[in-house]
Amino acid sequence: MVPSWILGLAEEWGSSMRRFESKLTQISGTLGRIHEEGPVGAAIRGHGDHLPDIDLEPEVQKFHRAWLDLDVRDRKILWIAFKEPGPAKKKYLKMELPKKTYYRYRENALMKICLDYHLYE
């Protein structure tokens, strides 16, 4: 059974990833730069876009580092489970897995993070 603290942390991580993705789409292109920085700031800056700063809470940073160390399947299942919005049925169908298998894989991935979480200080 997955502890409630890791589920809460996974949900917070997913929310942080959605906010970061939202910031990325806001500043892309000339109109995005004008909206973010005004016409003068957009004109002064070079042609390349920059990545926005994202302030992750320390606990969420630790979760993210642990997530990065998972294998591809586990990363994908946690990304879909916690980052992407929508009902669970949509998520396990996207993974092309039966419902029971989807939840078992999700639980196993969370338990891997839970067991190694203390190593990411």
Side-chain angles (χ1 to χ4, degrees):
M1 177 126 216
V2 177
S4 60
W5 67 268
I6 199 74
L7 281 172
L9 197 52
E11 289 172 4
E12 190 175 338
W13 169 79
S15 176
S16 296
M17 293 300 105
R18 285 191 299 276
R19 279 193 309 274
F20 179 70
E21 193 172 73
S22 171
K23 285 183 179 182
L24 281 177
T25 58
Q26 288 176 1
I27 63 165
S28 64
T30 304
L31 291 177
R33 284 195 304 270
I34 291 170
H35 176 73
E36 291 287 319
E37 302 174 10
V40 174
I44 292 172
R45 202 169 94 207
H47 292 290
D49 283 335
H50 69 281
L51 291 176
D53 291 332
I54 181 166
D55 293 326
L56 294 176
E57 296 294 321
E59 299 300 310
V60 176
Q61 287 179 9
K62 285 172 56 176
F63 184 94
H64 186 69
R65 286 194 302 271
W67 175 80
L68 288 171
D69 284 344
L70 294 173
D71 63 22
V72 173
R73 185 193 70 194
D74 289 340
R75 281 196 315 259
K76 184 176 180 182
I77 206 149
L78 291 181
W79 184 266
I80 288 173
F82 295 102
K83 189 268 174 196
E84 293 191 7
K89 184 175 183 176
K90 175 184 163 188
K91 295 175 183 185
Y92 62 78
L93 290 176
K94 186 172 187 171
M95 289 292 296
E96 299 176 357
L97 293 171
K99 182 178 181 178
K100 226 176 193 179
T101 306
Y102 166 79
Y103 281 108
R104 185 171 27 120
Y105 285 171
R106 188 183 91 156
E107 183 173 322
N108 288 342
L110 286 171
M111 286 307 295
K112 287 176 187 177
I113 289 178
C114 185
L115 293 173
D116 293 339
Y117 186 75
H118 69 284
L119 299 173
Y120 294 92
E121 293 297 328

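Predicted model, so just to flag it, every value in this text is computed and none were measured. Nothing fancy with the numbering, it's 1 onward along the sequence. In what follows, every heavy atom counts, from backbone to side chain, and hydrogens, waters and symmetry copies are set aside.
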**Message:** Any non-hydrogen side-chain atom of Pro58 less than 4.5 Å from a side-chain atom of Lys62?
**Reply:** no
**Prompt:** Taking atom CG of Leu110 and atom CG of Leu70, what is their separation to the nearest 0.5 Å?
**Reply:** 9.0 Å
**Item:** Partner residues of Phe82 under the ring pair (Phe, Tyr, Trp, His ring centres under 6.0 Å) criterion, sequence neighbours left out
**Value:** none
**Prompt:** Parallel, tilted or perpendicular: which describes the rings of Trp79 and Trp13, with under 30° parallel and over 60° perpendicular?
**Reply:** perpendicular
**Message:** Can you list everything that forms a salt bridge (Lys or Arg N to Asp or Glu O under 4.0 Å) with Glu57? Sequence neighbours excluded, please.
**Reply:** none
**Message:** Just so I know, are the side chains of Ile77 and Leu97 near enough to count as touching, which here means a heavy-atom distance under 4.5 Å?
**Reply:** yes
**Arg73 and Asn108, any side-chain heavy atoms less than 4.5 Å apart** = no
**Message:** Can a donor-acceptor pair be found, under 3.5 Å and without considering hydrogens, that links the side chain of Ser16 to the backbone of Glu12?
**Reply:** yes
**Complete:** Tightest non-hydrogen contact, residues Met111 and Pro3, listed as SD-CD, 3.9 Å
**Prompt:** Does Leu119 sit in a hydrophobic cluster with other residues, and if so which ones, taking ILVMFWY side chains as linked at heavy-atom separations under 4.5 Å, directly or through other members?
**Reply:** Tyr120
**Fill in**
What one should report as the nearest heavy-atom pair of Ala81 and Tyr102 is CB-OH, 3.3 Å
**Asked** Tyr117: what forms a side chain to side chain donor-acceptor pair (under 3.5 Å) with it, not counting sequence neighbours?
**Response** Glu59
**Complete:** Across all chains, not counting sequence neighbours, the side chain to side chain donor-acceptor pair (under 3.5 Å) partners of Glu84 are Lys94
**Prompt:** Side-chain heavy atoms under 4.5 angstrom apart, residues restricted to Ile, Leu, Val, Met, Phe, Trp, Tyr: same cluster for Val72 and Met95?
**Reply:** no
**Message:** For the CD1 atom of Ile80 and the NZ atom of Lys91, what is their distance to the nearest 0.5 Å?
**Reply:** 9.0 Å
**Contact check, side chains of Phe63 and Ile6, non-hydrogen atoms, under 4.5 Å** = yes
**Asked** Do the non-hydrogen side-chain atoms of Leu9 and Ile113 ever get within less than 4.5 Å of each other?
**Response** no
**Complete:** Closest non-hydrogen contact found for Glu107 with Met1 is OE2-N, 3.6 Å
**Request:** Provide the closest heavy-atom pair for Leu56 versus Gln61 in the form atom of the first, atom of the second, distance.
**Result:** O-NE2, 3.0 Å
**Shortest non-hydrogen contact from Lys112 toward Asp71** = NZ-OD2, 4.1 Å
**Message:** With a sphere of 6.0 Å drawn around NZ of Lys83, does it hold more than 12 non-hydrogen atoms of other residues, nucleotides or ligands?
**Reply:** yes
**Message:** Which residues pass the ring pair (Phe, Tyr, Trp, His ring centres under 6.0 Å) test with Tyr105, not counting sequence neighbours?
**Reply:** none
**Prompt:** Under a 4.5 Å side-chain heavy-atom rule over Ile, Leu, Val, Met, Phe, Trp and Tyr, are Leu115 and Leu7 clustered together?
**Reply:** no
**Request:** Check the pair Glu11 / Ser15 against side chain to side chain contact (heavy atoms under 4.5 Å, CB included), numbers first and verdict last.
**Result:** CA-CA 6 Å; Glu11 289 172 4; Ser15 176; over 6 Å; no
